[in-house]
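First the structure, in the form of structure tokens, and then the observations on it.
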Amino acid sequence: MRSARQSRPVRRRKVVMALEMSLLCLPSAHAASGILTVGEGTTAKQYSASALLRRPDVTRLDLSRSGEPLGASVPAVPLPHLVASSDQGLSFAATDNFVARIPPDVFSRARRDGTSAWIAIEEQPWPRRDGQDIGPFALVWTGPGAEKIDREQWVDHLAAITPGRDAKLPAATGSVARRGRDVFTISCLPCHRVSGAGYGTRGPDLGGPLPVSRRLTKERFDRTVRHPEQVRPDAVMKGFTAEQIPDADLDAIRVWLGQVGPATTSVTQPSQNR
Ligand code: HEC
């Protein structure tokens with residue numbers, strides 16, 4: 001039997017070889033994960049990590065105490081230096097189909113209170129999160145208001161930044177439902193569409209084929225949002241605490257989802273109610 005110590009150097013060599021291979025393959029399909037695209041259509045610009053690291057406006061950030069610790073000296077470029085304008089809001093798409101649409105008022109509030117958005121670049125390996133690589137680019141925030149920026153607005157393994165378009169979500173009737181739709185837009189829309197509207201496809205469409213509010217009891221819905229791992233041991237979704245989304249806001253989301261119609265008209269009845 002081979003001891004662990006004997007087998008380790010062999011494994012390490014394989015890793016180095018795999019890295020060299022992926023560098024050789026860079027201009028091909030692999031490039032997608034190592035390139036940041038900014039803008040749309042013919043004016044879109046593409047950046048590699050090494051190109052961004054060579055820029056004169058690279059600044060070192062101490063992100064060791066932030067909610068999303070990446071290190072004490074992380075190179076980053078100010079977001080406003082890369083995008084023409086954030087007046088219409090911006091969409092940040094990650095490699096895993098997570099799409100955070102950050103509305104203009106988040107940027108204007110940040111400007112007022114001295115909070116800055118940055119594109120952080122992985123130079124020293126970043127810690128893995130849930131066994132996943134989170135580089136080579138991430139949207140991060142610094143300054144007095146950084147802690148108030150929602151978790152869904154710190155974007156790991158960022159792949160593309162585009163002008164924010166309105167997701168054209170289904171209507172909300174009444175102030176509670178409107179509140180629910182607003183909270184949903186920040187915290188849930190990055191992963192979930194509703195009746196076909198939205199950009200994120202990481203999680204299922206909560207509007208259809210059969211609206212989630214009609215399929216799940218209140219108790220089941222609440223548990224899915226608060227403790228997804230209790231509903232499915234392999235859950236991708238991370239639970240939201242009452243501090244992140246107070247009970248009243250969670251109820252408001254349910255009220256709004258109760259008003260939306262299915263994405264399609266042909267609905268097959270599930271065999272059981274939950
Ligand atoms: C990081 C991505 C992500 C975010 C953010 C997210 N979800 Fe999810 N959600 C998922 C995924 C993926 C699933 C499918 C089950 C799983 O793997 O966790 C899911 C499943 C669900 C389900 C169960 C759907 C069904 O058909 O049974 C509900 C309800 C739900 N999410 C509600 C929400 C609400 C409400 C929010 C915002 C407060 C939210 N989710 C935020 C990824 C996300």
- request: Start with the C-alpha distance between Lys218 and Asp251, add both sets of side-chain angles, then the distance that settles side-chain contact (heavy atoms from CB on, under 4.5 Å), and finish with yes or no.
  value: CA-CA 9 Å; Lys218 170 181 158 50; Asp251 284 340; 3.0 Å; yes
- prompt: Just by modelled atom types, is the Thr241 backbone N or O under 3.5 Å from a matching donor or acceptor in the Arg226 side chain?
  reply: yes
- prompt: Say you draw a straight line from OG1 of Thr37 to CG of Leu158; how long is it, rounded to the nearest 0.5 Å?
  reply: 9.5 Å
- prompt: Measuring from Tyr47:OH to Leu53:CG, what's the distance to the nearest 0.5 Å?
  reply: 13.5 Å
task: For Leu61 and Ala76, work out which heavy atoms get closest and say how close.
output: CD1-CB, 3.5 Å
Heavy-atom pair of closest approach, residues Val231 and Arg220: CG1-NH2, 3.5 Å
message: So which atom in Ala138 and which in Asp156 form the shortest heavy-atom distance, rounded to 0.1 Å?
response: CB-CA, 4.3 Å
field: Side-chain heavy atoms of Trp256 within contact of Arg179, under 4.5 Å
entry: no
- prompt: Is it true that Leu216 and Val260 fall in one hydrophobic cluster, defined by side-chain heavy atoms closer than 4.5 Å?
  reply: yes
message: I need the His81 NE2 to Leu52 CG distance, nearest 0.5 Å.
response: 13.0 Å
Separation of Ile186 CD1 from Ile245 CD1 (nearest 0.5 Å): 9.0 Å
- line: Taking every heavy atom of Leu257 against every heavy atom of Ser213, the minimum-distance pair comes out as O-OG, 3.1 Å
- request: Apply side-chain contact (heavy atoms from CB on, under 4.5 Å) to the pair Phe92 and Ile161, showing each step before the final yes or no.
  value: CA-CA 5 Å; Phe92 296 83; Ile161 307 174; 3.9 Å; yes
Test item: His192 side-chain N/O and Pro204 main-chain N/O as donor-acceptor pair under 3.5 Å: yes
Any donor-acceptor pair under 3.5 Å from Glu152 side chain to Pro190 backbone: no
message: Is there a path of hydrophobic side-chain contacts, each under 4.5 Å between heavy atoms of I/L/V/M/F/W/Y residues, joining Val155 to Val99?
response: no
message: Run Arg178 and Asp182 through salt bridge (charged side-chain N to carboxylate O under 4.0 Å, His left out) and show every step you take.
response: CA-CA 6 Å; Arg178 277 199 294 276; Asp182 287 349; over 6 Å; no
- prompt: In terms of hydrophobic clustering (I, L, V, M, F, W, Y; side-chain heavy atoms under 4.5 Å; direct or indirect links), are Val183 and Leu189 co-clustered?
  reply: yes
query: Does the side chain of Val38 reach to within under 4.5 Å of the side chain of Ile119, using non-hydrogen atoms?
result: no
query: Checking salt bridge (charged side-chain N to carboxylate O under 4.0 Å, His left out) for the pair Asp105/Arg109: CA distance, chi angles, key distance, verdict?
result: CA-CA 6 Å; Asp105 61 292; Arg109 204 178 334 124; 3.4 Å; yes
- line: So the salt bridge (charged side-chain N to carboxylate O under 4.0 Å, His left out) pairs with at least one residue in residues 34-61 (sequence neighbours excluded) are Glu40-Arg165, Arg55-Asp57, Arg60-Glu123
- prompt: In terms of hydrophobic clusters joined by side-chain contacts under 4.5 Å, are Val236 and Val225 together?
  reply: no
query: Would Val106 and Trp141 satisfy side-chain contact (heavy atoms from CB on, under 4.5 Å), going step by step from the backbone distance to the final call?
result: CA-CA 12 Å; Val106 170; Trp141 301 79; 4.1 Å; yes
field: Side-chain heavy atoms of Gln244 within contact of Lys238, under 4.5 Å
entry: no
task: Please tell me if the side chains of Leu250 and Phe240 come closer than 4.5 Å, counting only heavy atoms from C-beta onward.
output: no
- line: Rounded to the nearest 0.5 Å, the CG atom of Leu206 sits from the CZ atom of Phe184 at a distance of 5.0 Å
field: Side chains of Thr115 and Pro144 in contact at under 4.5 Å (non-hydrogen atoms)
entry: yes
- line: Of all heavy-atom pairs linking Arg101 and Tyr199, the shortest is CD-CE1, 4.5 Å
- request: Check whether any side-chain heavy atom of Trp154 lies under 4.5 Å from a side-chain heavy atom of Leu70, and answer yes or no.
  value: no
task: Look up atom CD1 in Ile35 and atom OG1 in Thr95, then write down how far apart they are to the nearest 0.5 Å.
output: 13.5 Å
- request: State which residue, out of Leu63, Val74, Asp133, fulfils the side chain to side chain contact (heavy atoms under 4.5 Å, CB included) condition with Trp126.
  value: Val74
query: Are the side chains of Pro103 and Gln153 in touch, meaning some heavy atoms are under 4.5 Å apart?
result: yes
task: Scan for salt bridge (charged side-chain N to carboxylate O under 4.0 Å, His left out) pairs involving residues 142-151, sequence neighbours excluded, and state none if there are none.
output: none
message: How close do Asp96 and Gln132 get, counting heavy atoms only, and between which atoms?
response: OD2-OE1, 4.4 Å
Ile253/Phe221 under side-chain contact (heavy atoms from CB on, under 4.5 Å): CA gap, chis, key distance, verdict: CA-CA 10 Å; Ile253 293 176; Phe221 178 87; 4.1 Å; yes
- prompt: Do Val176 and Arg254 come within less than 4.5 Å of each other through their side chains, counting heavy atoms only?
  reply: no
